[in-house]
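Below: one structure, written as structure tokens.
Every number for a ligand or one of its atoms is a count from 1 in the order of the listing.
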Amino acid sequence: MANNLLFIANWKMNMVYADLISYFNIFLPLFKQTKPINDVVFLPPSTLLFSIKVILEGTDIKWGAQNIYFENQGAFTGEISALMIKDTGSTYVLIGHSERRKYFKESSPIIANKLHKAFSENIIPIVCVGETQEERASGKTFSVLTNQIKPIIKTCQNFINKEIVVAYEPVWAIGTGVNATIEEIKESHSFILSQFLKQSWIDGRNIKIVYGGSVDSKNTPAILSLDVVSGCLVGGASLKPEEFIKIVNTVRS
Ligand code: PEP
């Protein structure tokens, strides 16, 4: 697994242009002052991708989209293509977030198609997996993860030298203030990693597994003490620049 930590800010459907300006008026001076050694990625709503490019170009901070469509162009009202994402200078794209699986009925085959598109267009995918509360309570966590990971690994097989970020996000921990225990995170991350490393053709250096689910500056040190965790996907806490900069400055103990 790669060594440097990765912190991803998922802004979801929050922030307009004025908020973006105010945010980086606070975040950027703090970033320059504290010089984090970790990698940082912002995923704003797609309406702000061009504006974030103007603000972040020339810094060490990367950005990306929260969604992608798997067709190149045409009559797909409301969708955003790989070309459009690349046009905004984006490096990353989020795929299969549980909110997209739940509210927009994104299935594993759709997610695999999106992953295929991201890989073929050289956009680094951040693919989300994770079980619901009911699935965990009924002992199905690993079978759910296996079913979600299988099509992802199958797609990776066509792109063996490409980088991928897998976000383990237990659905019950997203936006709830209840994050998974260190033991649960360790167990799930180790399981996900083992599924990838079982494949003889996989180069572990291309895989990062990040944790998401009610991450804040208080719980990151413990989460990141696990060497199977390569970073964090942060929702709510990434909307506050003073809080997110603290998270980004977490050093693995
Ligand atoms: C997320 O957006 O994927 C997420 C984990 O949100 P939060 O940090 O608010 O739980």
Sequence neighbours left out, cut at 3.5 Å: what donor-acceptor pairs do the side chains of residues 50-60 make with other protein atoms?
| residue | atom | partner | partner atom | Å |
| --- | --- | --- | --- | --- |
| K53 | NZ | E57 | OE2 | 3.3 |
| T59 | OG1 | L56 | O | 2.7 |
| T59 | OG1 | I61 | N | 3.1 |

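- Hydrophobic clustering, with ILVMFWY side chains joined whenever heavy atoms are under 4.5 angstrom apart, keeps F119 apart from F70.
- At the top of the distance list for atom 5 (C) of ligand 1, counting protein heavy atoms only, stands E169 OE2, 3.0 Å.
- By the criterion of a heavy-atom distance under 4.0 Å, neither the backbone nor the side chain of S238 is placed next to ligand 1.
- Considering only non-hydrogen protein atoms, atom 9 (O) of ligand 1 sits nearest to G236 N, 2.8 Å.
- With hydrogens and angles left out, the side-chain atoms of K35 and N249 include no donor and acceptor closer than 3.5 Å.
- Under 4.0 Å is where a charged nitrogen must lie from a carboxylate oxygen, and between D216 and K218 no such pair does.
- Side chains of I152 and I164 form a contact here, defined as non-hydrogen atoms less than 4.5 Å apart.
- Using a 4.0 Å cut-off to heavy atoms of G213, the atoms of ligand 1 that qualify are 5 (C), 10 (O).
- Using a 4.5 Å heavy-atom threshold, the side chains of I110 and K105 count as separate.
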Next on the checklist: Run I247 and S217 through side chain to side chain contact (heavy atoms under 4.5 Å, CB included) and show every step you take.
Outcome noted: CA-CA 5 Å; I247 295 173; S217 61; 4.0 Å; yes
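- At distances below 3.5 Å, not a single donor-acceptor pair connects side-chain atoms of W172 with backbone N or O atoms of V178.
- A donor-acceptor distance shorter than 3.5 angstrom exists from the side chain of Q66 to the backbone of K12, with no hydrogens or angles considered.
- In terms of N/O distances under 3.5 Å, ligand 1 is approached by G235.
- The nearest protein atom to atom 10 (O) of ligand 1, hydrogens excluded, is given as G175 N, 2.6 Å; this is a heavy-atom distance.
- Residue-to-ligand polar distances keep A237 apart from ligand 1: every N/O pair is separated by 3.5 Å or more.
- Taking every heavy atom of N10 and a limit of under 4.0 angstrom, the matching atoms of ligand 1 come to 1 (C), 2 (O), 3 (O).
- Close approach of ligand 1 to A173 (heavy-atom distance below 4.0 Å) involves ligand atoms 10 (O).
- Scanning all protein heavy atoms for the shortest distance to atom 2 (O) of ligand 1 gives K12 CE, 2.7 Å.
- For C128, the closest heavy-atom approach to ligand 1 does not fall below 4.0 Å.
- In summary, the atoms of ligand 1 found under 4.0 Å from a heavy atom of S214, numbered by their order in the structure, are 7 (P), 8 (O), 10 (O).
- Those atoms of ligand 1 that come under 4.0 Å of a heavy atom in H97, given as number and element, are 1 (C), 2 (O), 3 (O).
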